[in-house]
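Since this is a predicted model, take the numbers as computed values, not measurements.
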Amino acid sequence: MDPECSQLLPALCAVLADPRQPMADDTCLEKLLDWFKTITEAGSSLLLLQENPCLVELLCHMLKPQDLSSRVLSFSLRLTGVFAAQEDCFQYLQQGELLPRLFGEAGPLGGAAWTAPTVRSGWIQGLRSLARHPSALHFLADCGAVDTIFSLQGDSSLFVASAAGQLLVHILGLSMQGPADGPPSLQAGDWPACAKKIVGHIEESLRSTATPQITQALNVLTTTFGHCHDPWTRVLWVRLSPLVAGLLEKDPVPAAHSLVDLLLSVARSPGLSSSSCGLWETLAQTLSRLSPTQAGPLALGILKLQDCPQALRAQAFAVLLQPLACVLKATAQAPGASGVLDGTVGDFATVDTLLPSKAACVGLLCRTLAHLELLLPLPQRPCPWPQAPLLGAAVTLLQLCQGSASPTSDTGHHLCALLLGCVRVQRAALDFLGTLSQGTGPPELVTEVFAVLLEYLRSPDSSPTVLKKAFQATFRWLLSSPKTPGCWDLDPQALLFLRELLPVLQKRLCSPCWEVRDSGLEFLTQMTGRWGGQAGFRHALLASEVPKLTEQLLRDPESYVRASAVAATGQLSSQGLCISPASPEHPGGQQKSPLSELLHILSTDSEGFPRRAAMHVFTQWLRDSHADVVGDTEEFVAGVLQVASQDLDWEVRAQGLELALVFLEQTLGQPGSPCPYAVTPPVVAPACPLAQALQPLCRVRLFEFAFRALFDCDRPVAQKSCDLLLFLRAKMASSSSPQEARSSPDVASVEAALQRWQAGDQAQPLGDLEPEVVLAVLKSMDLEGLRGALAESSDHVEKSPQSLLQDMLATVGILGENEADCY
């Protein structure tokens, strides 16, 4: 410990021990505890206490009957555990009876402070820290702490109850580590006393008729098998598995969710051989005993296992498919219409039993769809995968929610009444339908998919979130539509669908709801980016009003919509799909070009989102050699950088540096990441003298923009500028000629201006810079040092332990006014 901190520590301990003093906040106490942990991890806790007796005095002061702050008492208990984690320090604290008086019944356990959850939590965390060696195990057994931990498993505070269960697992694992000369006995009768006591308590809890006690025992076992993989865990499971299996004989099965978590934890444990300990049989029995809602997570977990009997996998998949099988059966127009899913209904004969109410129906269906969506991309998913029945089930669910299904049975009508207008099921079914696009399906089913998607996009009853998911699913199905080999254009069926879709998109772009307009623009941007160069798509889009509406939405009252319209306009313009100023729609030529429109937004929009979107579009245009950019690249870059440099949004300025980097790479011949379909403009050959190659950069005032950003008050901007200049300097070192290396132009005025900029006075511009001056300034700047300084946290200067102690003392007036740090 630093001498300065040692001098401050007695005063701080006195403050913490005095109940009349205002207490430091929890953040300061946590930082103080972290500091002590760092010290004890690096050195001796015993030496620390001997050199700073005020710490022991503070801990002893906690034993006096007084009105102590619960936060300080909790802190002291945790601090004691940190010190006692080292066995020699543990023995030192034991000699003074400090540990039994703090953690035994004579301590906070019997006082009024124990009613505070903070104190109970501190007691548990203190024991967790000191339980690191055999001496701690004897202490825990002697002071009765294990019994207290048992009772805290049912604490009213969920945090305390969870911590108590985790502490039991930790103690069990520590006691089973055995002596240093060998592993513990695998015979349960020879286990250490602490382990026997904990296992006995678990057995007693599993035999209990009270569900909370059973849940606590199952949770402890779940954590044990999840964290401990030694051979003794197999002995533990063999001993307890009959009691766990006995839970399945009760009706209803108690603590079903915790039981599922335990069985999956055991199945995943590398220390257990599932085939030799009867686990597969227990899993199969559990699947058949639990309700569909309870069995779903277990079925999904089983199907995710790498090594699992095929019969069990088939049973788990059947359980997972049960709800959808019932939906198909209830709405089937003819017997057997549910296809592959027909055989999955099993013992759940009727829909009324499976889906008793709207809440149960909606919850079960949403969970089933989510489970199947998670299972679909996994390599261990069931094979063959029932793609067609699942497609039919997803379409049927969407039709039931929309009211367009025509069920012929009473149960089908009941389902329709339950699901009509249910947004939760609509969202889940659309997500699942989009995921199913990864596979193929019969043409008639794919036609139904497009029909139901179009129905949702047209419906005035579709909520904004449902519409967004319908757009996303539509795009995914268009992506998966059949293609002619060697051709990326849309197939005839998809083009036919697109012609029906574009009038719907037009309508949605005029919606009074801004979320709908925003979703429509995002969908348009995705489609244009994917098929903007294809003749069929271009013809259909240009025959619609969509490009015109997109241009109008650049002036939307909602900033999110304007930002999406900027992105869509950028994509349309890149593909030549924007309305030109001289088009028949604008015979007078008064319409602005997309470049002018977006520059106007960058200069005048009051919100940051549209301006950021404009900068992203400009950067992409430069990277892809957009026609409007290639015409006069330098004028384009200079104009954009001039506007970006004055923007108050740091993300706009940072994106300006990204654009500057792209221009720099293109100018110096550094390969960037251009669009594979774009025509790359000629770049300056690397063989040119570096000063000559830098002329275009000087003409667009790129260096003034970068130097100004280097001293930006927002650190991400300054870091990006520093990286850009370091990249340029590295390029300069590899490309400069001997004559350039010997040149020494006068840079005094530029360096003086940069010093004023660094001090905050950026009113005076640098003016026209010559390449030689730029090269000389870059050589003289300590950019590596600046990058290191920018990488440090904003409070790095005042983040020391001494600063923390001074701050805590200043809150009670121990220090003078100017001796505390403010950060």
Side-chain angles (χ1 to χ4, degrees), residues 619 641 644-645 650-673 684 686 689-698 700-762 764-766 769-800 803 823:
T619 306
L641 292 184
S645 66
W650 72 265
E651 291 192 44
V652 173
R653 301 194 298 275
Q655 189 61 38
L657 288 164
E658 181 67 27
L659 181 140
L661 179 62
V662 172
F663 182 65
L664 188 151
E665 290 172 342
Q666 291 180 351
T667 303
L668 298 183
Q670 177 75 14
S673 54
V684 177
L690 186 60
Q692 180 182 345
L694 294 182
Q695 285 287 358
L697 307 180
C698 294
V700 302
R701 294 185 176 271
L702 183 146
F703 295 111
E704 180 168 340
F705 177 76
F707 285 139
R708 191 182 296 274
L710 193 62
F711 308 117
D712 198 287
C713 58
D714 288 291
R715 190 175 2 175
V717 179
Q719 287 175 317
K720 203 169 187 68
S721 175
C722 193
D723 292 339
L724 183 146
L725 293 174
L726 281 168
F727 166 77
L728 178 60
R729 194 166 72 180
K731 186 72 177 176
M732 179 180 74
S734 62
S735 305
S736 58
S737 63
Q739 181 179 358
E740 289 169 335
R742 291 192 301 269
S743 63
S744 55
D746 182 16
V747 297
S749 61
V750 175
E751 290 181 340
L754 291 178
Q755 290 175 0
R756 289 194 298 271
W757 283 13
Q758 189 170 12
D761 179 15
Q762 296 193 7
Q764 181 181 353
L766 291 180
L769 295 176
E770 294 298 325
E772 293 79 10
V773 173
V774 171
L775 294 174
V777 169
L778 284 176
K779 287 179 182 178
S780 66
M781 295 183 76
D782 182 17
L783 292 174
E784 289 83 0
L786 181 58
R787 181 166 64 177
L790 289 169
E792 292 178 326
S793 61
S794 57
D795 64 341
H796 69 278
V797 176
E798 308 301 349
K799 204 176 179 180
S800 65
S803 167
Y823 57 89

### Message
Nearest 0.5 Å, please: how far is CZ in Arg701 from OG in Ser645?
### Response
10.5 Å
### Task
Please identify each residue that fulfils side chain to side chain contact (heavy atoms under 4.5 Å, CB included) with Ala654, with sequence neighbours left out.
Trp650, Val717, Lys720
### Message
Using 0.5 Å steps for rounding, measure from the CG atom of Leu661 to the CG atom of Leu728.
### Response
10.0 Å
### Message
Which residues pass the side chain to side chain contact (heavy atoms under 4.5 Å, CB included) test with Leu697, not counting sequence neighbours?
### Response
Phe663, Leu664, Thr667, Leu694, Leu702, Phe703
### Query
Can you tell me how far CG of Leu786 sits from CG of Leu710, rounded to the nearest 0.5 angstrom?
5.0 Å
### Summary
In this structure, CG of Asp712 is separated from CZ of Arg708 (nearest 0.5 Å) by 10.0 Å
### Query
Which value, rounded to the nearest 0.5 Å, describes the distance between Leu668 atom CG and Phe727 atom CZ?
6.5 Å
### Query
Can you name the side chain to side chain donor-acceptor pair (under 3.5 Å) partners of Arg787, sequence neighbours left out?
none
### Partners passing side chain to side chain donor-acceptor pair (under 3.5 Å) against Thr619 (at least two apart in sequence or in another chain)
Gln655
### Query
How would you list, by chain and number, every residue that makes a side chain to side chain donor-acceptor pair (under 3.5 Å) with Asp714, sequence neighbours excluded?
Arg653
## Note on the structure
Closest non-hydrogen contact found for Ser721 with Leu657 is N-CD1, 3.6 Å
### Message
Do Cys698 and Val774 have side chains that approach each other closer than 4.5 Å (heavy atoms only, starting at C-beta)?
### Response
yes
### Task
Could you pull out all residues at least two apart from Glu770 that satisfy side chain to side chain donor-acceptor pair (under 3.5 Å)?
none
#### Entry: Heavy-atom pair with the smallest gap, counting every atom of Ala706 and Leu725
CB-CD2, 4.1 Å
